[in-house]
Amino acid sequence: MKLSVIGTGYVGLVSGTCFAEMGNHVICVDNNQQKLNALKNGQVTIYEPGLEILFHRNIEKQRLTFTDDLKFAIQNSDIIFLCLPTPQDEDGSADLKYVFGVAKNIGKILKENNDKDYKIIVNKSTVPVGTSKAVTNILSEFGIKNFDVVSNPEFLREGFAVEDFMKPDRIVIGSNSKKAFEIMRELYEPFVRQGNPILEMNPESSEVTKYAANSYLAMRITFMNELANFCEKVSANVDLVRKGMGADSRIGKRFLFPGIGYGGSCFPKDVNALIKTSEEFNSPIKLLKVVDEVNRQQKLVLVKKLLQHFNNDIKNKKIAIWGLAFKPNTDDMREAPSIYIIKELNKLGAKVSTYDPAAMENAKFYVDEIPEYCNEQYEPLNNADALLILTEWNEFRNPDFDKMKSLLKNPLIFDGRNIFDIEKMEELGFIYYSIGRKVVGL
Ligand SMILES: NC(=O)C1=CN([C@@H]2O[C@H](COP(=O)(O)OP(=O)(O)OC[C@H]3O[C@@H](n4cnc5c(N)ncnc54)[C@H](O)[C@@H]3O)[C@@H](O)[C@H]2O)C=CC1
Ligand SMILES: O=C(O)[C@H]1O[C@H](OP(=O)(O)OP(=O)(O)OC[C@H]2O[C@@H](n3ccc(=O)[nH]c3=O)[C@H](O)[C@@H]2O)[C@H](O)[C@@H](O)[C@@H]1O
């Protein structure tokens, strides 16, 4: 099939590359010249395991191309995917200016083209209920008739994006057109050969499904974070509680890990967008307000523990940090808890020294006050008063504990991801704080 993907970020680049891998011809469009030049020069612009090999293979086979020429892309594709940003606006709602702006440009191009061939415009961005209808109206205002707008939300996780895209748990397609359903089913069938469902529904249900899934997962994590704080007070171990809960198949094991609050480009903004839309329709989902509020507080839970340990004074203390990205296997810093933690540490007069395997370049755009970025894992520990673990990268899971002890001024660790066993840390002689478990070594 002939496809175009408008917006070549995390979702667009992964979607475009994976569609090309299935034999489709994909034209990727972006208006960021720097990004576009890098892509045209064969440079993968995001850190995403498994992407590079598919990217190069499909460029070589000439199934994957990059351009800033929207007109060329529209004229040479039957299905047009919108993978555009929908950032959080000041009032919490999703900002649709990119989606509507591109929809208008598509309208103009199709009008100039005399609306000859049938096109499907697919919205893959996360958008509030009613957006498919609004995009349909925009195109209709240009007099375009031979088209359908489809809602096809994306559920990939960063760090596992290729795997998730190639073998999705489900595909959701929202449309009112039989023809569009048939074409979309044909496009996606190679991705669900194991039998995972392609779910067809009206666009409104599809749009709500995306926000519902993200908000539900954010709510699960938030419940676990509040539960973890409670466990600390009553000598319970949240990891044991988590396993006890997760073994119930009605609950399930995944997304029950407490930590330092959910971050990333989607959970925080999508929870807020659903709060806003539900209020607009006079049917507020009150639970989500608490989810958002608790999550903001949770991002600073390690700073609280640190202050408590040092009797509220961490001025001039050197704090080492392992991990900056909002989660492992990505260089994405959007809404990462590390941003909030580092800002707070700076405010309190601490000196921060940090290492992350992939996100340090991006971190510089978010936290310019970090005095020291280190190129090696153990470097920040040198003469540090404490170590904070903020991202559970695999390489932090089995470190050289002797080396850590010899470098740190105090054998003091605050682990926001519960990556070590508390008994083991006690045996090794560390003072070890974690989330929802007792402090050992004090
Ligand atoms: N990042 C993720 O893991 C997921 C994101 N989503 C949703 O997908 C959408 C896109 O997210 P990301 O890919 O993370 O965003 P992103 O910011 O990484 O990528 C968006 C791209 O669109 C480009 N762009 C902006 N305006 C444009 C225009 N007028 N013409 C052409 N290109 C333009 C930008 O230069 C950028 O490269 C959002 O709605 C997000 O909520 C959904 C599932 C997963
Ligand atoms: O709409 C999106 O953008 C995507 O948002 C999330 O994916 P992502 O943000 O890449 O990452 P997750 O693995 O979901 O983690 C999000 C945040 O929750 C935190 N988390 C996750 C799981 C958990 O058990 N505990 C926990 O604190 C992570 O550390 C991270 O900060 C969803 O998992 C995807 O399905 C969705 O497509």
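Order of appearance sets the numbers: ligands from 1, and atoms from 1 within every ligand.
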- Query: F326 to ligand 2: N or O pair under 3.5 Å?
  - Reply: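 Between F326 and ligand 2 (N or O atoms, distance only) the closest approach is under 3.5 Å.
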- Message: Would L156 count as a polar contact of ligand 2, with the cut-off being nitrogen or oxygen pairs under 3.5 Å?
- Response: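 Checking ligand 2 against L156, an N or O pair does fall under 3.5 Å apart.
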- With a 4.0 Å cut-off on heavy atoms, is G101 touching ligand 1?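 Contact absent.
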- Query: Are any of the N or O atoms of K269 closer than 3.5 Å to those of ligand 1?
  - Reply: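 Yes; the residue has a nitrogen or oxygen that sits under 3.5 Å from a nitrogen or oxygen of the ligand.
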- Is any N or O atom of V11, backbone or side chain, closer than 3.5 Å to an N or O atom of ligand 1?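 Yes - when backbone and side-chain N and O of V11 are compared with those of ligand 1, one distance drops under 3.5 Å.
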Which bit of [X] gets closer than 4.0 Å to ligand 2, counting heavy atoms only: side chain, backbone, both or neither?
{"X": "R417", "value": "side chain"}
{"X": "K327", "value": "side chain"}
{"X": "T126", "value": "neither"}

Would you kindly specify which portion of [X] sits under 4.0 Å from ligand 1, judged on non-hydrogen atoms: side chain, backbone, both or neither?
{"X": "Y98", "value": "side chain"}
{"X": "C266", "value": "side chain"}
{"X": "R157", "value": "neither"}

- atom 43 (C) of ligand 1: the protein heavy-atom neighbour that sits closest, reported with distance to 0.1 Å: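 The closest heavy atom on the protein side is E154 O, 3.2 Å.
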